[in-house]
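One structure is given below, encoded as structure tokens.
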Amino acid sequence: MTDTLRTTGLFVLVGVLILITGFTQGWNTALLILNMGLVSAIMSIGVNLQWGFAGLFNVGIMGFVALGGLASVLVSMQPTPGAWSAGGWRILLALLIGVLTIVGAVLIMTRMARGRARVLAVIALLVAGFFLYRAVFDPAVAAVEAINPALLGYLGGLGLPVIVAWPVGGLLAAGAAWIIGKTALGLRSDYLAIATLGIAEIIIAVLKNEDWLSRGVTNVVGIPRPVPYEIDLQNNPGFIERAASFGLDPVEGSTLYVKIAYALLFLAVLLILLWMAQIALQSPWGRMMRAIRDNEVAAEALGKDVTRRHLQIFVLGSAVCGLAGAMLTTLDSQLVPTTYQPLRFTFLIWVMVIVGGSGNNFGAVLGGMLIWYLWVQVEPVGIWLMQLLTAGMADGSWLKAHLMDSAAHMRLFTMGLVLLLVLRFSPRGLIPEK
């Protein structure tokens, strides 16, 4: 009973903070914090599945989130006219050549006897495959990127409803996680951390440089939404009339309507995932995963396939992160590869999980909501505090200028302080694992 009251009180506190923001800074700001907090909570659930359930240290969350964002482009954007005939099919052929080259090299390594002949055969296949791949790939990419490069210059997507991109984002992330897991799981835990970090950086590098796929640093804008665009609502006489009945002008009313619609949609997804995660946690499978986490040697002695179970949970957690990445890109209506930074999409998510309570799904949700609120609000509060502290100083004072410039760093300072306080006074998180 006490634990339930504590959990309820903490969630009520986060809700009150968001309401205070709405009354003091505007409901647009409050709803934006709420929406981003819901998406962050979903990411936290994904990481909590990996770390809280199984003790897997994933430091490549950013890459899985980015794959979810890419899925929004590949699924929901319209195909670029003429791109597939110009070079799209040849790009697919080149990628197939690359895959077949790698598969062939693996087969040679496993089928041929050791010796100089095997080494020479692998080298010859890799060199020939590489030059063939580049001969097909490079001109095809140039042809695609030459199609209206100012606005397009990429293949586009399938033109499907954007909601379909959300599970596809999870599938893309799950596929990448399976490849990493088959390579690194079963070895020492630090190998998984290195592999996830490296793959994440590779994914971001691909998104930034392969214009034919994601337009690179020129970004993909105008990604379809599951809710109406504000401009469409502002041109709807019925909506204008309804907004006026609430005392809102069309611009403010449309913005609030869209953000509330997103909040309801994101909340529904979060509740479904939370329900599924709770069922998994309380099931025999969940108890087995925690037993493996606590003592791998004992679990293996009892006949459990530790590597296989680790692969399962690693794929599941990464899929949840990919789903959240697709949702985030849909909220922004654009894919901006340069925004995928380790600070935001790896470090901050880990802070959410640790502060909320590793191994507790409700703790992951609380951490996601609370830490995102602090991340957004700390900087303006820091500026206000610095203005208060320097109110009596002369305008040209070097100390005043230094203190005001330091306000921009309040976010990092506050995250570190919150993390230290939680680890000191509640080392198992605000809502500890039961």
Considering all heavy atoms, the nearest [X]-[Y] contact:
X: Pro79; Y: Gly159; value: CD-N, 4.4 Å
X: Ser283; Y: Ala280; value: OG-O, 2.7 Å
X: Ser72; Y: Ala326; value: OG-O, 3.3 Å
X: Gly368; Y: Met352; value: CA-SD, 3.5 Å
X: Thr196; Y: Phe314; value: CG2-CZ, 3.6 Å
X: Arg215; Y: Val220; value: CG-CG2, 3.8 Å

Between [X] (side chain only) and [Y] (backbone N and O only), is there a donor and an acceptor less than 3.5 Å apart?
X: Asn295; Y: Val297; result: yes
X: Asn35; Y: Ala263; result: yes
X: Asn235; Y: Ile231; result: yes
X: Thr339; Y: Val336; result: yes
X: Asn48; Y: Val353; result: no
X: Asp211; Y: Glu145; result: no
X: Arg287; Y: Gln282; result: yes
X: Thr8; Y: Leu5; result: no
X: Ser426; Y: Val422; result: no
X: Asp332; Y: Gln334; result: no

**Prompt:** Would you call Arg293-Glu433 a salt bridge at under 4.0 Å N-O?
**Reply:**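 Between Glu433 and Arg293 there is a salt bridge, with a charged N closer than 4.0 Å to a carboxylate O.
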
**Prompt:** Per the side chain to side chain contact (heavy atoms under 4.5 Å, CB included) rule, which among Thr183, Val315, Leu185 passes with Trp178?
**Reply:**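 Answer to the side chain to side chain contact (heavy atoms under 4.5 Å, CB included) test with Trp178 among Thr183, Val315, Leu185: Val315.
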
**Request:** May I have the step-by-step check of side-chain contact (heavy atoms from CB on, under 4.5 Å) for Trp375 and Leu348, ending in yes or no?
**Result:** CA-CA 9 Å; Trp375 181 259; Leu348 201 61; 3.7 Å; yes

Rounded to the nearest 0.5 Å, how far apart are [atom1] of [X] and [atom2] of [Y]?
X: Leu366; Y: Leu13; atom1: CG; atom2: CG; result: 8.5 Å
X: Arg428; Y: Ile354; atom1: CZ; atom2: CD1; result: 14.5 Å
X: Leu374; Y: Ile371; atom1: CG; atom2: CD1; result: 5.5 Å
X: Ile349; Y: Ile61; atom1: CD1; atom2: CD1; result: 6.0 Å
X: Leu370; Y: Leu10; atom1: CG; atom2: CG; result: 8.5 Å
X: Leu67; Y: Ile204; atom1: CG; atom2: CD1; result: 8.0 Å

Would you check if there is a donor-acceptor pair between the side chains of [Y] and [X] at a distance under 3.5 Å?
X: Arg225; Y: Ser333; result: yes
X: Gln278; Y: Asn361; result: yes
X: Gln234; Y: Ser254; result: yes
X: Ser318; Y: Gln50; result: yes
X: Gln341; Y: Arg344; result: no
X: Thr330; Y: Tyr262; result: no

I'd like to check [X] versus [Y] (side-chain heavy atoms, cut-off strictly below 4.5 Å). Are they in contact?
X: Leu17; Y: Thr21; result: no
X: Asn58; Y: Phe64; result: yes
X: Leu155; Y: Thr80; result: no
X: Cys321; Y: Val47; result: yes
X: Arg309; Y: Ile313; result: no
X: Met43; Y: Leu328; result: yes
X: Leu74; Y: Leu158; result: no
X: Gln377; Y: Ile33; result: yes

Which class fits the ring pair [X] and [Y]: parallel under 30°, tilted 30 to 60°, perpendicular over 60°?
X: Phe137; Y: Trp212; answer: perpendicular
X: Phe345; Y: Tyr340; answer: tilted
X: Trp89; Y: Trp84; answer: tilted
X: Phe11; Y: Phe362; answer: perpendicular

So with a 6.0 Å cut-off around [atom1] of [X], is the heavy-atom count from everything else above 12?
X: Lys208; atom1: NZ; result: yes
X: Trp285; atom1: CH2; result: yes
X: Tyr191; atom1: OH; result: no
X: Glu241; atom1: CD; result: no

**Message:** Under the criterion side-chain contact (heavy atoms from CB on, under 4.5 Å), I'd like the reasoning laid out for Ile45 against Leu270: C-alpha separation, chi angles, the key distance, then a yes or no.
**Reply:** CA-CA 9 Å; Ile45 288 178; Leu270 174 60; 3.6 Å; yes

**Message:** Do Arg411 and Phe413 form a cation-pi contact, if we require the NZ or CZ to be under 6.0 Å from the six-membered ring centre and within 45 degrees of the ring's axis?
**Reply:**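 Checked: cation-pi criterion not met.
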
